[in-house]
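This report refers to the structure that appears directly beneath it.
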Amino acid sequence: RIIFDGASPDSVTVSYSSYSSSERATWFLDGADYLIIRNLTIEAVGTFRSSIHFAKGANYNEVENCVLKCPGSNPNYRNVVFAASNWAAGKHGNYNTIANCDIDGGFYGLFIYGQGLGGNNHNQGNIFVNLDFKNVYYYGVYNYYNSGSFFINLNIEPTYNYGVSFYNYYAYQNNIDSCQFKAGRY
């Protein structure tokens, strides 16, 4: 395991300004396994944005006690991403844990985009626990082709009046427990 520990999200900020559709993320886990990222603020700014991006089989990673920032309401602003580098569908992150974090901003707070439930092309077994979504514009969680994941104690309130707290499509065997969806739809 490799550990990145900032001691406190208030003391260390990692920021990246992307103006290229091929380099969208501040922290890009391109097939990375067994990383622990904790006690940091990770901020995305620029034309294309994601604070942290799991792609190409980024498995068994942990993100703990972080502030994940992606300010703005443009559909190109996707805060936490599980998808291909160009945000296309596929199996890109499995058995990861994101816990005790603030997900601050983005058109999408958490964007999970798998590809079909047949075969082995969907994301699976991820754990999302004790997450506070704030300033997320439209989708708190966009969960598409994902299985066997846990969504526990999420607090989601989109800023757009017609926003969607939790979009769950072609997802199966997921556990959604003790979540608060305020305003918007789900």
Q. Can Q180 and I156 be said to form a side-chain contact (heavy atoms from CB on, under 4.5 Å), step by step?
A. CA-CA 6 Å; Q180 294 182 18; I156 305 170; over 6 Å; no
Table please: side-chain donor-acceptor pairs of residues 3-10 below 3.5 Å, with sequence neighbours left out.
| from | atom 1 | to | atom 2 | distance (Å) |
| --- | --- | --- | --- | --- |
| D5 | OD1 | A7 | N | 2.9 |
| D5 | OD1 | N39 | ND2 | 2.9 |
| D5 | OD2 | R38 | NE | 3.0 |
| S8 | OG | D10 | N | 3.2 |

Is the shortest side-chain heavy-atom distance between [X] and [Y] below 4.5 Å?
| X | Y | answer |
| --- | --- | --- |
| P158 | V136 | no |
| F151 | N146 | yes |
| R1 | E62 | yes |
| L29 | L35 | yes |
| I103 | D132 | no |

Whether the side chain of [X] engages the backbone of [Y] through a donor-acceptor N/O pair (distance < 3.5 Å, no angle test) should be reported.
| X | Y | result |
| --- | --- | --- |
| N126 | Y95 | yes |
| N61 | Y34 | yes |
| D104 | L68 | no |
| N76 | R49 | no |
| N96 | A58 | yes |
| N123 | G93 | yes |
| H53 | A83 | yes |
| N143 | I112 | no |
| T47 | Y19 | no |
| T26 | E43 | yes |

**Q.** Closest non-hydrogen atom pair, F107 against S73
**A.**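 Looks like CD1-O, 3.1 Å.
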Q. If every non-hydrogen atom of S17 is compared with every non-hydrogen atom of G46, which pair is closest and at what distance?
A.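 Heavy-atom minimum between the residues: OG-CA, 3.8 Å.
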Q | Pair V63-I36, side-chain contact (heavy atoms from CB on, under 4.5 Å): steps then yes or no | A | CA-CA 6 Å; V63 179; I36 298 174; over 6 Å; no
Hey, can you tell me if [X] and [Y] have their rings parallel, tilted or perpendicular (30° and 60° cut-offs)?
| X | Y | result |
| --- | --- | --- |
| Y139 | Y167 | perpendicular |
| F128 | F82 | perpendicular |
| Y108 | Y142 | perpendicular |

Q) So, F28 versus F54, ring centres under 6.0 angstrom or not? A) no
Quick one: pull up [atom1] in [X] and [atom2] in [Y] and give me the separation to the nearest 0.5 Å.
| X | Y | atom1 | atom2 | value |
| --- | --- | --- | --- | --- |
| N94 | H92 | CG | NE2 | 10.0 Å |
| E157 | N135 | CD | CG | 10.0 Å |
| C70 | F48 | SG | CZ | 12.5 Å |
| C66 | I52 | SG | CD1 | 7.0 Å |
| S51 | I42 | OG | CD1 | 6.0 Å |
| T97 | N100 | OG1 | CG | 10.5 Å |

**Q.** Criterion side chain to side chain contact (heavy atoms under 4.5 Å, CB included) against I176, the qualifying member of V141, I152, N168
**A.** N168
Q. Would I98 and L131 count as a side-chain contact (heavy atoms from CB on, under 4.5 Å) if you check the C-alpha gap in whole Å, the side-chain angles of each, and the deciding distance to 0.1 Å?
A. CA-CA 8 Å; I98 299 178; L131 303 179; 3.8 Å; yes
Q | K134 vs D102, side-chain contact (heavy atoms from CB on, under 4.5 Å): CA-CA, chis, key distance, verdict | A | CA-CA 7 Å; K134 51 188 165 186; D102 288 343; 3.4 Å; yes
Answer with yes or no whether the side chains of [Y] and [X] bring together a donor and an acceptor at under 3.5 Å.
| X | Y | result |
| --- | --- | --- |
| Y16 | S18 | no |
| S20 | S22 | yes |
| N130 | N153 | yes |

Q: Establish, yes or no, whether the cationic atom of R78 lies under 6.0 Å from the six-membered ring centre of F111 and within 45° of the ring axis.
A: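 Geometry flag: set, cation within 6.0 Å and 45°.
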Q | Shared hydrophobic cluster, Y60 / I2 (ILVMFWY, side-chain heavy atoms < 4.5 Å) | A | no
Q) Cluster partners of V45, using ILVMFWY side-chain heavy atoms under 4.5 angstrom, listed by chain and number? A)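 So far as hydrophobic clustering goes, V45 is joined with none.
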